[in-house]
Amino acid sequence: MSEADFAFLRRFLKGRSGLDLGAEKRYLAESRLGPVWRDAGLSSLAELIARLRTAEERDLADATVFAMATHETMFFRDRQPFEDLRTTILPRLLEARADRRRLRIWSAAASTGQEAYSVAMILREMGAALDGWTVEILGTDISPAAIERARAGSYSSFEVQRGLPVRCLLAHFSPDGLAWTISPELREAVQFRVLNLLGFFGHLGRFDLILCRNLAIYLDGPTKTSLFERLAGALLPGGLLCLGGTETILGYTRALEPDPNHRGFFVLPGTGRTASVARQA
C-alpha cells in the first residue's frame, strides 16, 4: 500500500468511525482488508482504495470499516462489571425507579450482541422483581453485519464457551446444528439497530445505564471528549456509564466522574456514591 493510499485510509476510517489508525498499523490494514477486496471481486488493495476514493458504495465502505474495527466481544466480558450490575447497580436502580417502573439500558457498541444479551440474562434472573416494569434494552453498532448477527442471536460453540456460564447456556439457548441460538424471549427483550456514535443520537432518548465498553481506546483525544460528553447528556439523573477496564474519562471531560464504589462506572458530577445516586434520581 502506498503512503498516499494509507494516508487516505486513515482519514477515511477516522471520518467514518472515529478509528484512530496509528501510522505503524499499515501491516494490519493490509492483512485485514485482503478479504474485503477479494470478496468484492477487486484485483488489489489499491483498487479497493481507489473505489473508496471515487465512489459512494455503502456496502464496500461498511465492509472496510467492519474489517478494520475490533469486534472482540464475549458474554459477560471481564466478569466484574456484570457482577456489579447483578449485585448492586441494577437493584439500586430498580429501587430508585420504583415510582415510574421503567428502566432503559443501552449497549452503545454492541458488536454482535453478547453484551446486550448478557444484561438481558441478568435482568431475567431477577424474576418477579421486574413484574409490571417496562424494561428496554437497546444495542447499537456501526456495522450492519454485526447488527444482523446480533438480531439473529446465533452463536458458535466457541462463542458460547467464552464467558457464558453453563447455567445460562442451558436456560437461554437451544442447540441448532453446530451453533446455539438465543431463546425467542431473550431476543425479543433486546432491540438492535445500526448507529454511528460519531453522529447525532439524541433521538434515542435518555437512559438509566449506558455501556460503551472498549471503544474509546481506539479513538483520539478530541473524539473521546466529544463522545463522553454526548453520552453524559444521554444519561438520566442517577444513571451510570460503564466503560472498559482500561478506559477512563479523566483528562477528557468533566461531564462525568468516577463512581468510587465500582471500577469502570461513571456518574454525573455531584451524584456521589451509587447508593445516593439511586435515591436522588
Exercise for the section: Quick one: list whatever passes ring pair (Phe, Tyr, Trp, His ring centres under 6.0 Å) with Phe82, sequence neighbours left out. Expected result: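 Scan of Phe82 (ring pair (Phe, Tyr, Trp, His ring centres under 6.0 Å), adjacent residues dropped) gives Phe76.
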Practice task
Mind checking salt bridge (charged side-chain N to carboxylate O under 4.0 Å, His left out) for Glu47 and listing every partner two or more places apart, or none if nothing turns up?
Solution key: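 Testing Glu47 for salt bridge (charged side-chain N to carboxylate O under 4.0 Å, His left out), a comparison that skips the adjacent residues, returns none.
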Practice task
Could you list the residues that satisfy salt bridge (charged side-chain N to carboxylate O under 4.0 Å, His left out) with Arg79, not counting sequence neighbours?
Solution key: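 With neighbours one apart ignored, the set is empty.
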side-chain hydrogen bond (donor to acceptor under 3.5 Å, both in side chains) with [X]: which residues, sequence neighbours excluded?
{"X": "Arg104", "result": "Glu136"}
{"X": "Glu30", "result": "none"}
{"X": "Asp39", "result": "none"}
{"X": "Ser156", "result": "Glu159"}

Practice task
Given side chain to side chain contact (heavy atoms under 4.5 Å, CB included), test Leu235 with Leu209 step by step and report yes or no.
Solution key: CA-CA 7 Å; Leu235 285 175; Leu209 172 67; over 6 Å; no
List for me each residue that meets side-chain contact (heavy atoms from CB on, under 4.5 Å) alongside [X], sequence neighbours excluded, and say none if there are none.
{"X": "Arg151", "value": "Ile147, Phe192, Arg193"}
{"X": "Asp5", "value": "Met1, Ser2, Ala46, Ile49, Arg53"}
{"X": "Thr246", "value": "Ile217"}

Rounded to the nearest 0.5 Å, what's the gap from [atom1] on [X] to [atom2] on [Y]? Could you check?
{"X": "Cys242", "Y": "Arg213", "atom1": "SG", "atom2": "CZ", "answer": "5.0 Å"}
{"X": "Tyr117", "Y": "Leu164", "atom1": "OH", "atom2": "CG", "answer": "13.0 Å"}
{"X": "Ile137", "Y": "Leu103", "atom1": "CD1", "atom2": "CG", "answer": "8.0 Å"}
{"X": "Asn261", "Y": "Thr88", "atom1": "CG", "atom2": "OG1", "answer": "8.5 Å"}
{"X": "Arg92", "Y": "Leu90", "atom1": "CZ", "atom2": "CG", "answer": "12.0 Å"}
{"X": "Leu241", "Y": "Cys212", "atom1": "CG", "atom2": "SG", "answer": "7.0 Å"}

Would a hydrophobic clustering, with Ile, Leu, Val, Met, Phe, Trp and Tyr connected at side-chain separations under 4.5 Å, put [X] with [Y]?
{"X": "Phe265", "Y": "Leu94", "value": "yes"}
{"X": "Leu227", "Y": "Leu198", "value": "no"}
{"X": "Phe201", "Y": "Leu236", "value": "no"}
{"X": "Leu93", "Y": "Met126", "value": "yes"}

Has the side chain of [X] got a donor or acceptor atom that lies under 3.5 Å from a matching backbone atom of [Y]?
{"X": "Thr64", "Y": "Leu60", "result": "yes"}
{"X": "Ser226", "Y": "Pro222", "result": "no"}
{"X": "Ser111", "Y": "Gly113", "result": "no"}
{"X": "Arg77", "Y": "Gly163", "result": "no"}
{"X": "Glu148", "Y": "Ala145", "result": "no"}
{"X": "Gln191", "Y": "Leu138", "result": "no"}
{"X": "Thr87", "Y": "Glu83", "result": "yes"}

Problem - Derivation and outcome, side chain to side chain contact (heavy atoms under 4.5 Å, CB included), residues Thr140 and Trp106 - result: CA-CA 8 Å; Thr140 66; Trp106 178 20; 3.0 Å; yes
Looking only at heavy atoms, what is the nearest atom pair of [X] and [Y], with distance?
{"X": "Pro144", "Y": "Val194", "answer": "CA-CG2, 3.7 Å"}
{"X": "Leu9", "Y": "Ala29", "answer": "CD2-CB, 3.7 Å"}
{"X": "Arg101", "Y": "Asp131", "answer": "NH2-O, 2.5 Å"}
{"X": "Ala61", "Y": "Phe12", "answer": "CB-CZ, 3.7 Å"}
{"X": "Ala108", "Y": "Ile210", "answer": "CB-CG2, 4.3 Å"}
{"X": "Ile249", "Y": "Leu256", "answer": "CD1-O, 3.3 Å"}

Exercise for the section: Applying side chain to side chain contact (heavy atoms under 4.5 Å, CB included), run through Leu130 and Leu123 and close with a yes or a no. Expected result: CA-CA 8 Å; Leu130 287 170; Leu123 289 168; 3.9 Å; yes
For a quick test of your reading: what N or O donor-acceptor pairs under 3.5 Å do the side chains of residues 172-187 make, sequence neighbours left out?
unit_1, atom_1, unit_2, atom_2, d
Ser183, OG, Leu186, N, 3.3
Arg187, NE, Ile182, O, 3.2
Arg187, NH2, Ile182, O, 3.3

Practice task
Decide, yes or no, whether a salt bridge links Asp208 with Arg102 under the criterion of side-chain N to carboxylate O below 4.0 Å.
Solution key: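 Between Arg102 and Asp208 there is no salt bridge, as every charged N stays at least 4.0 Å from the carboxylate O atoms.
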Got more than 12 heavy atoms from elsewhere within 6.0 Å of [atom1], [X]?
{"X": "Arg263", "atom1": "CZ", "answer": "no"}
{"X": "Arg206", "atom1": "CZ", "answer": "yes"}
{"X": "Gln80", "atom1": "CD", "answer": "yes"}

Exercise for the section: Would you please indicate yes or no on a ring centroid separation below 6.0 angstrom for Tyr155 and Phe75? Expected result: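 When the ring centroids of Phe75 and Tyr155 are compared, they turn out to be within the sub-6.0 Å range.
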Problem - Residue pairs involving residues 220-231 (criterion salt bridge (Lys or Arg N to Asp or Glu O under 4.0 Å); sequence neighbours excluded) - result: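 Residue pairs passing salt bridge (Lys or Arg N to Asp or Glu O under 4.0 Å), neighbours aside: Lys14-Asp220.
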Problem - Pair Leu215-Leu197, side chain to side chain contact (heavy atoms under 4.5 Å, CB included): steps then yes or no - result: CA-CA 10 Å; Leu215 170 67; Leu197 290 173; 3.5 Å; yes
Handout entry: Candidate list Ile142, Asp141, Leu204, test side-chain contact (heavy atoms from CB on, under 4.5 Å), partner Leu195, passing option
Key =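 Going through Ile142, Asp141, Leu204 one by one, the side-chain contact (heavy atoms from CB on, under 4.5 Å) with Leu195 is satisfied by Leu204 alone.
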